Colleague: 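First the structure, which I've put down as structure tokens, then a few questions once you've had a look.
Bear in mind the structure is a predicted one, so any value in this text is a computation, not a measurement. Numbering of ligands and ligand atoms starts at 1, following listing order. Hydrogens, waters and symmetry mates are skipped; everything else that's a heavy atom, side chains included, is used.
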Amino acid sequence: MNKRPLPIIVGNWKTTPATLAEALKFIKQLDAKCVASKKKLPKKAYYLAVPDIFIPFLADISKRGYIGSQNVSGVAPGQTTGATIPSQLVSGGADFTLIGHSEVRARGETAEDRSHKLALSLQGKMTTVLCVGEETRDKEGKYLGVLEADIKKSLSLVTRSLFENLIIAYEPVWAIGGKTAATPQECFEVVIALRRALANIAGIDYAKKVHVLYGGTVTEDNARTFIQDGGVDGLLIGRASQDVAAFSNIIKNCHGA
Ligand code: PGA
């Protein structure tokens with residue numbers, strides 16, 4: 001896992017853009033900005049979680065990033081209508097996937113669902129970003145215990161040897177899609193708690209090296225502060241990844257931060 005170039009900058013397009021033509025144009029412009037960057041960027045400088053239908057087309061033209069999905073189905077292969085399983089996404093060009101985004105959880109995804117999804121995607125050797133985050137905070141810090149229990153349940157069907165391809169994204173739900181991000185200090189404290197939780201699940205060596213991201217109202221202005229002071233290895237970015245200028249500036253600002 002340490003072979004991934006850091007920081008890991010992941011965009012989440014959600015249900016944008018409206019058309020494939022716009023998506024292709026975005027990737028061409030983004031790659032051109034990466035090529036023109038005065039700062040030397042790694043060959044693959046970004047990850048973009050896009051609508052599934054766009055994956056093969058974007059994976060085909062993207063030279064400077066990894067293209068992935070925003071969710072997978074955890075159902076057994078075969079007779080289930082309307083589901084896309086990880087091996088199908090990989091064969092269509094997906095390099096990675098998000099699992100457990102709060103907007104997916106809000107539509108009814110359970111920890112058991114997540115565990116099936118994680119098991120399938122990690123068995124398929126797909127880099128998998130598990131999103132976790134509290135809805136609200138309490139002064140006593142009980143939410144940290146809730147996050148630990150959530151990670152434990154979500155990983156219950158995953159064998160330890162598959163954890164190498166797992167990335168954890170800390171996304172406080174109260175900071176997603178709003179105006180106020182967590183502070184780097186607030187992020188730092190939770191990242192320590194998440195690593196402690198992962199040490200209990202998978203051992204201290206794993207907990208020290210697993211890559212952890214921050215997401216929730218990341219902007220051009222605050223992105224770098226999370227890398228520098230928030231204790232994370234990268235970012236998961238919604239709105240600012242849907243604007244080619246903002247996303248490319250974040251990529252350039254954060255690499256070498
Ligand atoms: P935001 O979204 O950056 O627009 O807050 C983050 C996310 O949903 O992952």
Colleague: Find all atoms of ligand 1 within a distance of less than 4.0 Å from any non-hydrogen atom belonging to G177, and give their numbers and elements.
Modeller: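 Matching atoms, with element in brackets: 1 (P), 5 (O).
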
Colleague: Atom CG in L58, atom CG in L48: separation rounded to 0.5 Å?
Modeller: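 Rounded to the nearest 0.5 Å, the CG-CG separation comes to 8.0 Å.
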
Colleague: Purely on distance, is any nitrogen or oxygen of G238 under 3.5 Å from one on ligand 1?
Modeller: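 Yes, since at least one N or O of G238 sits under 3.5 Å from an N or O of ligand 1.
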
Colleague: Counting each atom of ligand 1 from 1 as listed, which ones have a heavy atom of K14 under 4.0 Å away?
Modeller: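 Per the distance check, 2 (O), 7 (C), 8 (O).
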
Colleague: List every atom of ligand 1 that sits less than 4.0 Å from any heavy atom of G216, numbering the atoms from 1 in the order shown and giving each element.
Modeller: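 Taking each heavy atom of G216 in turn, ligand 1 has 5 (O) under 4.0 Å.
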
Colleague: Please determine, by modelled atom types, if N71 and K117 share a side-chain donor-acceptor pair under 3.5 angstrom.
Modeller: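 Yes - a donor-acceptor pair under 3.5 Å links their side chains.
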
Colleague: Which atoms of ligand 1 sit under 4.0 Å from any heavy atom of N12?
Modeller: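 Every atom of ligand 1 under 4.0 Å from some heavy atom of N12: 9 (O).
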
Colleague: Please write down residue, atom name and distance for the protein heavy atom closest to atom 4 (O) of ligand 1.
Modeller: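 That would be R239 NE, 2.6 Å.
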
Colleague: Measure centre to centre between the rings of Y66 and F96, then say whether the value is under 6.0 Å.
Modeller: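 They do not qualify: ring centres at least 6.0 Å apart.
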
Colleague: Going by the angle between their ring planes, with limits at 30° and 60°, are W13 and F26 parallel, tilted or perpendicular?
Modeller: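 The rings of W13 and F26 stand perpendicular, inter-plane angle above 60°.
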
Colleague: Short list, please: which atoms of ligand 1 are under 4.0 Å from a heavy atom of H101?
Modeller: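 Taking each heavy atom of H101 in turn, ligand 1 has 7 (C), 8 (O), 9 (O) under 4.0 Å.
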
Colleague: Verify the distance criterion only: is there a donor paired with an acceptor across the side chains of T97 and S121 at less than 3.5 Å?
Modeller: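 Side-chain D/A pair, T97 to S121: absent.
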
Colleague: Group every Ile, Leu, Val, Met, Phe, Trp and Tyr by side-chain heavy-atom contacts under 4.5 Å, then state whether I85 and I67 land in the same group.
Modeller: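 No, I85 and I67 fall in different hydrophobic clusters.
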
Colleague: Who's the nearest protein heavy-atom neighbour of atom 9 (O) of ligand 1, and how far?
Modeller: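 Going atom by atom, the protein heavy atom closest to atom 9 (O) of ligand 1 ends up being E171 OE2, 2.7 Å.
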
